[in-house]
*Asks:* 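To start, I am sharing the structure in question, which I have written as structure tokens.
Protein chains get the first letters and strands the later ones, always in sequence-line order, with residue 1 at the start of each.
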Amino acid sequence: MPELPEVETTLRGIAPALTGQRIQRLLVRDRRLRQPVSNETEALLPGQRILHLHRRAKYLLLTLEEGAVLIHLGMSGSLRLTPVITDYRKHDHIDLLLESGLSLRLHDPRRFGLFQWIPTPVTSHPLLANLGPEPLSEACDGDYLYRVARKRHLAVKNLIMDSRVLVGVGNIYANEALFLSGIHPAQAAGSISQARYQRLAIAIKQVLSAAIEQGGTTLRDFLREDGHPGYFAQSLHVYNRADKPCHQCATPIEVLRIGQRSSFYCPVCQSETTPDCLPGARTGMSEP
DNA sequence: CACAAGACCTGGCAGC
DNA sequence: TGCTGCCAGGTCTTGT
């Protein structure tokens, strides 16, 4: 599943093949994505040079001579480079053919992804204008989280998954970061101490960084098949581990619905009475 | 304004 | 074996 680390890994993987390349042709086999691929997109891409690529939240941005291409992988999307555009599979919706002969191909079974030309400056685009800070940036720290959580009553898990507050933290990493910082996912955001938010900020960075490092696995995958589950699963402490023993205290992991999403937690390590110092003993990634 | 729930879509899987 | 129904994921939209 494309979470931030996978998007970052994808970016690093495709950037060398795309940077500086001129787009020869855009082939749209199925325009029905989260937003239909616009006529503008089809008209404006061919002939333009890709100046550079970067990531914002889970969006990939290809900066062109005029405007940019905004790509999102949704829940099931993947990008890969292919030398042959005639050999395509089901759900290979888009091919962006480059002058090198390689093609950037979007594969997305559930079609929640996005592939759209947008004008510059991209930061004023509605989809990008209201995004919170990057979790790996200095702007994301305990003081910031504590500040935005003041007087908020929603579950802390929902707070850190709100893209206006913080981008890139999906369900898996929200669960993991809350475990590492000893916070119950349903606890009201405004009731959590500043010290605990310091731990949470560190845990978010830690879990995302670790996953990006393991992205090497994904990197190899996305050039061939779409790299599916399992690649980071070995490192997960709570996600998808209902009834299995907590890596820290052996208590069975519990599951709860918060904001329509499965939330996994250890009832002992993640309770309001868990002292701030207890999970601190964790080295981060105790081996399963 | 804050928050919750719904919608979108398909593949995979459990249960019959 | 095939059918039904549920679930997963991210984020925008709608409802309370």
*Asks:* If you look at every heavy atom in A/Leu102 and A/Ala17, which pair is closest and at what distance?
*Replies:*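 What the structure gives for the nearest pair is CD1-CB, 4.2 Å.
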*Asks:* With each end axis built from five pairs of C1' atoms, what bend angle do you get for the helix from B/dA2-C/dT16 to B/dC16-C/dG2? Round to 10°.
*Replies:*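 Computed from the C1' atoms at both ends, the axes differ by 50°.
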*Asks:* Considering only side-chain heavy atoms of A/Arg152, which listed nucleotide, C/dA8, B/dA2, B/dG11, is closest?
*Replies:*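 Among C/dA8, B/dA2, B/dG11, the one nearest the side chain of A/Arg152 is B/dA2.
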*Asks:* Can you figure out which of B/dG11, B/dC9, C/dC12 approaches the side chain of A/Arg111 most closely?
*Replies:*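 The answer is B/dC9, which lies nearest to the side chain.
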*Asks:* Would one find a side-chain N or O of A/Ser76 under 4.0 angstrom from OP1 or OP2 of B/dC9?
*Replies:*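 Checking B/dC9 against A/Ser76, no side-chain N or O comes under 4.0 Å of OP1 or OP2.
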*Asks:* Tell me, which of residues 158-170 of chain A have any heavy atom that sits under 4.0 Å from an atom in DNA chain B?
*Replies:*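 Nucleic-acid contacts, sorted: A/Asn158.
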*Asks:* With the side chain of A/Tyr59 defined as its heavy atoms from C-beta on, choose the nearest nucleotide among C/dG10, C/dC12, C/dA8.
*Replies:*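 Within the option list, the nearest is C/dC12.
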*Asks:* May I ask you to decide if the ring planes of A/His247 and A/His237 are parallel, tilted or perpendicular, using 30° and 60° as cut-offs?
*Replies:*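 Geometry flag for A/His237 against A/His247: perpendicular rings.
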*Asks:* Strictly distance-based, threshold 3.5 Å: is any side-chain N or O of A/Arg29 a donor or acceptor partner for the main-chain N or O of A/Asp92?
*Replies:*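 At least one qualifying donor-acceptor pair exists.
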*Asks:* Where is the tightest heavy-atom contact between A/Leu180 and A/Ala203, given as atom of each residue plus distance?
*Replies:*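 Minimum heavy-atom contact is CB-CB, 3.8 Å.
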*Asks:* Both A/His153 and A/Phe112 contact DNA chain B. Which one's nearest nucleotide lies toward the 5' end?
*Replies:*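 Here A/His153 is the residue nearer the 5' end.
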*Asks:* Without decimals, in angstroms, what is the distance between A/Arg32 CZ and B/dA7 P?
*Replies:*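 After rounding, the reported distance stands at 20 Å.
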*Asks:* With a 3.5 Å distance limit and no angle check, can you tell me whether A/Thr41 reaches the backbone of A/Trp117 through a side-chain donor-acceptor pair?
*Replies:*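 Flag set: sc A/Thr41 to bb A/Trp117 pair under 3.5 Å.
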*Asks:* Run the salt bridge (Lys or Arg N to Asp or Glu O under 4.0 Å) check on A/Arg56 and A/Glu134 step by step: do they pass?
*Replies:* CA-CA 8 Å; A/Arg56 174 73 174 110; A/Glu134 289 287 330; 3.0 Å; yes
*Asks:* Does a side-chain N or O from A/Lys90 land closer than 4.0 Å to OP1 or OP2 of B/dG11, or not?
*Replies:*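 Yes, A/Lys90 has a side-chain N/O under 4.0 Å of OP1/OP2 on B/dG11.
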*Asks:* Working note: A/Glu66 + A/Arg49, criterion salt bridge (Lys or Arg N to Asp or Glu O under 4.0 Å); need CA distance, chi angles, decisive distance, verdict.
*Replies:* CA-CA 9 Å; A/Glu66 185 192 351; A/Arg49 196 173 289 283; over 6 Å; no
*Asks:* Does B/dG6 have its OP1 or OP2 closer than 4.0 Å to a side-chain nitrogen or oxygen of A/Gln260?
*Replies:*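 For B/dG6, OP1 or OP2 has a side-chain N or O of A/Gln260 closer than 4.0 Å.
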*Asks:* Within the 4.0 Å heavy-atom criterion, would you say A/Leu73 contacts the bases, only the backbone, or no part of the nucleic acid?
*Replies:*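 Result for A/Leu73 = nothing.
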*Asks:* Of all the heavy-atom pairs spanning A/Lys58 and A/Leu4, show the shortest one and how long it is.
*Replies:*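 Heavy atoms only, the tightest pair is CE-N, 3.9 Å.
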*Asks:* Among the clusters formed by ILVMFWY side chains lying less than 4.5 Å apart, do A/Ile118 and A/Leu62 turn up in the same one?
*Replies:*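 The answer is no; the residues belong to distinct hydrophobic clusters.
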*Asks:* Under 4.0 Å, heavy atoms only, any strand: does A/Arg34 hit a base, just the sugar-phosphate, or nothing?
*Replies:*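 Here A/Arg34 touches the backbone only, sparing every base.
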